[in-house]
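Have a look at the structure below, then the notes.
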Amino acid sequence: MNTKSTKIKNVFKVILLPVVVYLMFFICSGGKFGKSSSLIMNLKQSLAPTLISFAMCSNMLCDRMDLSAGAVVMLAAMFGAKLVYLYGIGLGTFALIVIGTGIVMGILSGVMYMLLKVPAIVTALGVCMIYETLSNLASISWVTAIKGEITTFGRFPYCLIIFAVMFALFYIIFNYTKLGYNVRACASSQQIAKNGGVNTKKTAFLCYAVSALFLGVAALLKISIQGSIDTPMYMSSTNIIFNCMLGIYVGLALEQYCNLLIGIFIGNFILNMLTTGLLSLGLSASLQDTASGAFLLIIMIFTYNNQRVMDYIGNRKERYRLSRQNS
């Protein structure tokens with residue numbers, strides 16, 4: 001009974017965070033924010049970033065920052081869109097090419113990391129710049145767009161079906177496979193995991209391989225939902241992954257109340273609500289970034305210290321009650 005009550009409280013705490021964000025922007029915008037169509041669009045726009053967060057999650061837990069993930073997504077999406085523009089390929093071929101390109105480039109990033117034997121962030125920066133250069137050399141125009149039947153996978157219910165399949169796949173990999181156990185062991189301490197018999201090099205490569213699959217599918221969803229993709233340049237592809245990293249951090253903060261994957265999805269959904277909510281308030285792009293950073297900092301501080309906050313409130317109430325009794 002106590003366990004069931006705890007689970008209900010945890011569910012309530014997890015749901016409370018996006019509800020508070022929603023109500024805050026609904027009130028501040030005078031009802032401009034929070035319409036059903038807006039929430040559906042927020043949900044749809046959270047799907048691809050969540051898959052990118054899943055792709056980065058295992059490497060991040062093992063202290064490997066893959067900054068090339070955004071470039072992989074953008075280049076894979078752009079390559080597929082270019083082939084549609086040049087040769088008029090069909091939906092199925094387009095999907096296979098985008099996912100396949102993402103897988104090849106993601107695995108190549110892992111191979112580079114394994115061969116060069118330098119810090120992951122250094123390898124990722126180099127690979128990111130190479131991929132962005134290739135995308136600029138291959139591009140015909142600054143923006144690559146798709147339309148019509150090719151955007152089918154970005155519509156309901158197809159985008160939700162694809163996301164649900166990938167969510168279930170990552171849930172199984174992370175929670176019920178040897179790779180998932182090894183990742184969690186390496187996240188605690190790579191040296192202890194190595195001493196315990198975990199092949200850390202093989203685990204690292206498999207993390208990149210799994211990441212590559214999810215980046216390929218994320219690229220397909222991203223361009224199908226948006227309808228276009230910008231050509232990455234001057235490290236602009238890193239903008240994608242920084243937002244996804246924030247989603248992972250929110251997920252880690254919520255992990256004490258729910259499964260990490262659910263927390264990551266909620267984190268990305270909140271980030272999209274923040275963007276839409278700040279836009280409804282009429283803030284400029286620079287102010288939106290500042291407000292988003294400050295708001296997320298507040299969320300993280302409260303989430304990681306909520307027990308201390310609740311204890312403080314409880315102590316204040318107890319002192320107030322005792323003072324009333326004494327008087």
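Treat the numbers as computed from the prediction; the structure is a model and nothing was measured.
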(request) Among residues two or more places apart or on two chains, list those pairs meeting ring-ring contact (aromatic ring centres under 6.0 Å, His included) that have a residue in residues 87-134. (result) Y113-Y208
(request) Among residues two or more places apart or on two chains, list those pairs meeting ring-ring contact (aromatic ring centres under 6.0 Å, His included) that have a residue in residues 44-83. (result) F54-F167, F54-F170
(request) With N42 as reference, evaluate T276, N272, T275 under the side-chain hydrogen bond (donor to acceptor under 3.5 Å, both in side chains) test and give the passing residue. (result) T276
If I compare all heavy atoms of [X] with all of [Y], which pair ends up nearest, and what's the gap?
X: R64; Y: C207; answer: NH2-SG, 3.6 Å
X: G148; Y: T151; answer: O-OG1, 2.8 Å
X: I229; Y: Q226; answer: CD1-NE2, 4.4 Å
X: C186; Y: T203; answer: SG-CG2, 4.5 Å
X: V98; Y: G80; answer: CG2-CA, 3.8 Å
X: C244; Y: P49; answer: SG-O, 3.5 Å

Can you get from [X] to [Y] by hopping between Ile, Leu, Val, Met, Phe, Trp and Tyr side chains that sit under 4.5 Å apart?
X: L274; Y: L23; answer: yes
X: I40; Y: I270; answer: yes
X: V122; Y: I241; answer: yes
X: L43; Y: I264; answer: yes
X: V72; Y: V104; answer: no

With side chains defined as the heavy atoms from C-beta onward, is the minimum distance between [X] and [Y] less than 4.5 Å?
X: T101; Y: L75; value: no
X: V217; Y: V165; value: no
X: L61; Y: L252; value: yes
X: L221; Y: M166; value: no

Drop me the distance from [X]'s [atom1] to [Y]'s [atom2], to the nearest 0.5 angstrom.
X: L169; Y: L213; atom1: CG; atom2: CG; result: 6.5 Å
X: S228; Y: K222; atom1: OG; atom2: NZ; result: 9.5 Å
X: L17; Y: M273; atom1: CG; atom2: CE; result: 8.0 Å
X: M56; Y: D66; atom1: CE; atom2: CG; result: 6.5 Å
X: T50; Y: I248; atom1: OG1; atom2: CD1; result: 10.0 Å
X: K82; Y: I97; atom1: NZ; atom2: CD1; result: 14.5 Å

(request) State, without any angle test, whether N268 and S53 hold a side-chain donor-acceptor pair at a distance under 3.5 Å. (result) yes
(request) Applying side-chain contact (heavy atoms from CB on, under 4.5 Å), run through V250 and I266 and close with a yes or a no. (result) CA-CA 8 Å; V250 174; I266 291 174; 5.6 Å; no
(message) Taking ring pair (Phe, Tyr, Trp, His ring centres under 6.0 Å) as the criterion, tell me which of Y158, F153, F265, F214 meets it with F163.
(response) F265
(message) Test: side chain to side chain donor-acceptor pair (under 3.5 Å). Region: residues 163-191. Which pairs qualify, not counting sequence neighbours?
(response) Q191-N195
Can you name the side chain to side chain contact (heavy atoms under 4.5 Å, CB included) partners of [X], sequence neighbours left out?
X: L206; answer: L179, K202
X: M114; answer: K201, A204, F205
X: L116; answer: M112, V118, T123

(request) Just do the side-chain contact (heavy atoms from CB on, under 4.5 Å) check on F25 and L278 with the steps written out, would you? (result) CA-CA 8 Å; F25 282 116; L278 293 171; 3.9 Å; yes
(request) Please test C258 against N10 for side-chain contact (heavy atoms from CB on, under 4.5 Å), starting from the C-alpha separation and ending with a verdict. (result) CA-CA 7 Å; C258 64; N10 288 342; over 6 Å; no
(message) Taking A55's backbone N and O only, do any of them form a donor-acceptor pair with S211's side chain (distance below 3.5 Å, no angle check)?
(response) yes
(message) Looking at S237, is its backbone amide N or carbonyl O close enough to the side chain of E132 to form a donor-acceptor pair, meaning the two atoms are under 3.5 Å apart?
(response) yes
(request) Please check if atom CG in L160 has more than 12 non-hydrogen atoms from other residues, nucleotides or ligands closer than 6.0 Å. (result) yes
